[in-house]
Amino acid sequence: MAQLKAVFCDVGGPIYDDENFVAAVLVALDELRAADGMPPTDRTAFRMLYDRSRAAQGMSLRAALAERFLGSTARRDELHARTREHWAHPKGTLYPDVIPFLRALRGRATVGVLANQEEGVVRALERDGVAPLVDVWAVSAIVGHEKPSPELFRWALAQAGAEPGEAVHIGNRLDTDVRPAQALGLATVWVLRGEAPDDPTRSSSPSPTWPCAAWTASHPGCSS
Ligand SMILES: [Mg+2]
């Protein structure tokens, strides 16, 4: 990398616990099932499907959940809409390494969130003291583009005034973070938590620039 000008960060996984999304999907599934006279979602079966999706890093979790628990993949959009109503980032679910990391970047690079999230994520990041450390808000619900579309990445790069080769994207998924960012020429950090697989293998990895479980405050590399 010639010069690091911009650091972009996914939200679910790197910043907030992905279990916030899981909780919202489960409430949505239970509500939709109750409306059809069905009992609550089997948590064990849900977790098996969710873990399979994490291991695959590419399958449509929404479609698989709709088929398994609502009877048809055609209900995926209905499930998505209901999930959005319940998706929030409660106090206490911010990872403790986020603020020290972003503080260390202050004055060294433009920082952006780059995430498929609802607008409410801005208020959560304000509440948790992260917002003052963010310069660029590439939030899908606000910008109108979703990862893995290159449009959201290009929008963030333009806002930051950076070329792809001067930027790094930090995310926890291969399909919506590492692969699309690499395709555009950004460096990548694959944060192995939340929706990332428990056991990433050489074959599942597209060789992110820095695969890691967390990052240090001194540079966007790895602490483990
Ligand atoms: Mg994520």
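Quick caveat: nothing in here was measured; it's all calculated off a predicted structure. As the structure lists them, so they are numbered: ligands from 1, and atoms in each ligand from 1.
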Do Lys147 and Asp10 have side-chain heavy atoms sitting under 4.5 Å apart?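 Yes, side chains in contact.
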
Less than 4.5 Å apart, any side-chain heavy atom of Glu31 and any of His86?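 Side chain of Glu31 against side chain of His86, heavy atoms only: contact under 4.5 Å found.
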
By the definition side chain to side chain contact (heavy atoms under 4.5 Å, CB included), identify the one residue from Ile170, Val168, Val178 that meets it with Thr188.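 Of Ile170, Val168, Val178, side chain to side chain contact (heavy atoms under 4.5 Å, CB included) with Thr188 is met by Val178 alone.
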
Can you list the steps and then say if Asp177 with His169 is a side-chain hydrogen bond (donor to acceptor under 3.5 Å, both in side chains)? CA-CA 7 Å; Asp177 294 302; His169 177 65; 2.9 Å; yes

Proximal protein heteroatoms (N, O or S) of the Mg ion (ligand 1), under 2.8 Å: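 Correct list: Asp10 OD2, Gly12 O, Asn172 OD1.
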
Does one hydrophobic cluster hold both Phe8 and Leu184, with members joined at side-chain heavy-atom distances below 4.5 Å? yes

Does Tyr50 share a hydrophobic cluster with Val25, counting links as ILVMFWY side-chain heavy atoms below 4.5 Å and allowing steps through other members? yes

